[in-house]
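Data first, discussion second: the structure below is written as structure tokens.
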Protein chains: 2
Amino acid sequence: MATSQPRTSRAEQRQKTENRILTAARRLFADSGYDRTTIRAIAAEAKTDPGLVMRYFGSKKELFALVAEIAPDEPVTGTPEQAAEHLLTSLGDKLEAEPSATLAMLRSMLTHPEAAKEVRAAVTNQQRDAAAAFPGDDAVLRAGLIGALTLGTVLGRHLLRLDGLRDAPPEAITALLRPCFHALVDGEAEHAADGQR
Amino acid sequence: MATSQPRTSRAEQRQKTENRILTAARRLFADSGYDRTTIRAIAAEAKTDPGLVMRYFGSKKELFALVAEIAPDEPVTGTPEQAAEHLLTSLGDKLEAEPSATLAMLRSMLTHPEAAKEVRAAVTNQQRDAAAAFPGDDAVLRAGLIGALTLGTVLGRHLLRLDGLRDAPPEAITALLRPCFHALVDGEAEHAADGQR
DNA sequence: ACACTGAGTCAACAGACGTAGACTGAGCGT
DNA sequence: ACGCTCAGTCTACGTCTGTTGACTCAGTGT
């Protein structure tokens, strides 16, 4: 009888464990942030050995960098109105997407300096070419504000899980923020209402 | 000759070191978050001993709880327009205040579970009685959004230090967000603009 | 069939951490 | 003047961390 083919070759076995490690790392980094996530915990969840994680990915930092990449936003162009709508759909996507990938970065942003730089770069990047499409001389500030509002909304939904925000359909949220975004794009600041008519 | 009075009594010496520890703890927790801040580092910055920190404040957790209290917002009341203005000035205050106190909590919110609960409680609290002042049936969602936007703005300014947001006068920011807040208070959602006229 | 490569395991390292406890000496009540 | 109290210091324990190296053994090329 011929020697039976092994049910899993070495190469695919390797990739399977690599994937298990990556999945575990994503989940744990997203759940607990960079500092509180240990190589040992990742290995345990991936049903493998801490030493193997090191061998495959070099170090904890490298593994984090690999796992916690922020998906870059498409550049913002067109008329101010188009830009606003683009930013709104972009927000809608982030609200719909499952949190694990981006949350790892957001959670670690406040403590892990490299992560903070990454988040800042991502927001600043989108801010820059958004500002180019905006009218007015405080365009940079207004674009930054849109970035900050987006960040706050995502955080409020996925991380703080605020009432209402937690389970509202993304369209409901973007619909509510639409006047908000358009106002910021056009740059129409209002004076204080006197609150009494 | 009479025995000379000591230049610092025991009681005031005690309070002086306690204050040095508290100041150092505030700064370090705000700068590096709960996990990355060590008792040893706090003691070093306060020019004292780790053991003393333990003796005075019990444990790292207790010290953090003492230092990272979130200043509660005043309750929101009045007409919707008044509520919106109230929330705007509240935001303005947070933008003006020096970051150290609140930043400690915000920075730790993503990793320290207790801190996350505290932040969530603070936002939810303000959200609840803001929603009561709002018209419409999705008032909770809209109030939550205002909380999220506020959070994002503060984070964008003090933590990410975004261009424009970093050094803009608070009034400029609140002025830009005024139409935003009023729209959310009144609950007027817009349909998608078709972007072509 | 045989040597070798590489996946997976195990044990151990050095360092940092929170925390506990013994010790010293100066301020204070009596 | 004497003894207690307590601020401040020092050392050490136990644990957990990232990381390393030696070891085992099944899959693979020749």
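Quantities reported herein were computed from a predicted structural model and do not represent experimental measurements. To find a chain, count down the sequence lines: A is the first, B the second, and so on, and within it residues start at 1.
Using a distance-only test at 3.5 Å, with no hydrogens or angles considered, no donor-acceptor pair links the side chain of B/Gln127 to the main chain of B/Gly147. No donor-acceptor pair under 3.5 Å is formed between the side chain of A/Thr89 and the backbone N or O of A/Gly92. Side chain of A/Arg142 to backbone of A/Pro135: a donor-acceptor contact under 3.5 angstrom is found. Judged by distance alone, the side chain of B/Thr48 and the main-chain N or O of B/Ala44 form no donor-acceptor pair under 3.5 Å.
Other residues, nucleotides and ligands place more than 12 heavy atoms under 6.0 Å from the CD atom of A/Glu45. Within 6.0 Å of CG in B/Asp167 there are more than 12 heavy atoms belonging to other residues, nucleotides or ligands. Under a cut-off of 6.0 angstrom, the local environment of CD in A/Glu18 is crowded, with over 12 non-hydrogen atoms contributed by other residues, nucleotides or ligands.
Taken residue by residue, residues 14-21 of chain A places no heavy atom nearer than 4.0 Å to DNA chain D.
Applying the 4.0 Å criterion to OP1 and OP2 of C/dT9, one finds that A/Thr48 has a side-chain N or O inside that range. The phosphate of C/dG27 has neither OP1 nor OP2 within less than 4.0 Å of any side-chain N or O from B/Gln13.
Here the C1' atom of nucleotide C/dA7 and the NZ atom of A/Lys47 are 18 Å apart, to the nearest Å. Atom CE of A/Met54 and atom P of D/dG18 are 9 Å apart (whole Å). One atom, CD1 of B/Ile42, and another, P of C/dC17, lie 11 Å apart when rounded to the nearest Å. Taking atom CG of B/Leu52 as the reference point, atom C1' of C/dG21 lies 14 Å away to the nearest angstrom. When rounded to the nearest whole Å, the span between NZ of A/Lys61 and C1' of D/dT19 equals 13 Å.
Figure legend: cation-pi geometry between A/Lys60 and A/Phe29 absent, as NZ or CZ is not positioned both under 6.0 Å from the six-membered ring centre and within 45° of its axis. Cation-pi geometry between B/Arg14 and B/Tyr56 is met: under 6.0 angstrom from the ring centre, within 45 degrees of the axis.
When the local axes at the two ends of the helix from C/dA1-D/dT30 to C/dA26-D/dT5 are compared, using 5 base pairs at each end, they differ in direction by 10° after rounding to 10°.
Pairs engaging residues 86-96 of chain B under the salt bridge (charged side-chain N to carboxylate O under 4.0 Å, His left out) rule: B/Asp73-B/Lys94 [sequence neighbours left out].
Of all nucleotides listed (D/dT9, C/dC28, D/dT19), D/dT9 comes nearest to the side chain of B/Asp49.
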Scan the side chains in residues 159-166 of chain A for donor-acceptor partners under 3.5 Å anywhere in the protein, sequence neighbours excluded, and list what turns up.
residue	atom	partner	partner atom	Å
A/Asp163	OD1	A/Arg166	NH2	3.4
A/Arg166	NH1	A/Arg161	O	3.2

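Side-chain contact, B/His182 with B/Glu85: a donor N or O sits under 3.5 Å from an acceptor N or O. Between the side chains of B/His158 and B/Glu98, no donor-acceptor pair is found at a separation under 3.5 Å.
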Review item, nucleotides 23-26 of chain C N/O atoms under 3.5 Å of protein N/O:
none

Enumerate the protein-to-nucleotides 12-17 of chain D contacts in which both atoms are nitrogen or oxygen and the separation is below 3.5 Å.
none

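Heavy atoms of A/Tyr56 sit under 4.0 angstrom from primed sugar atoms or phosphate atoms, though from no base atom.
Taking a cutoff of 4.0 Å between a charged side-chain nitrogen and a carboxylate oxygen, B/Lys16 and B/Glu12 do not qualify as a salt bridge.
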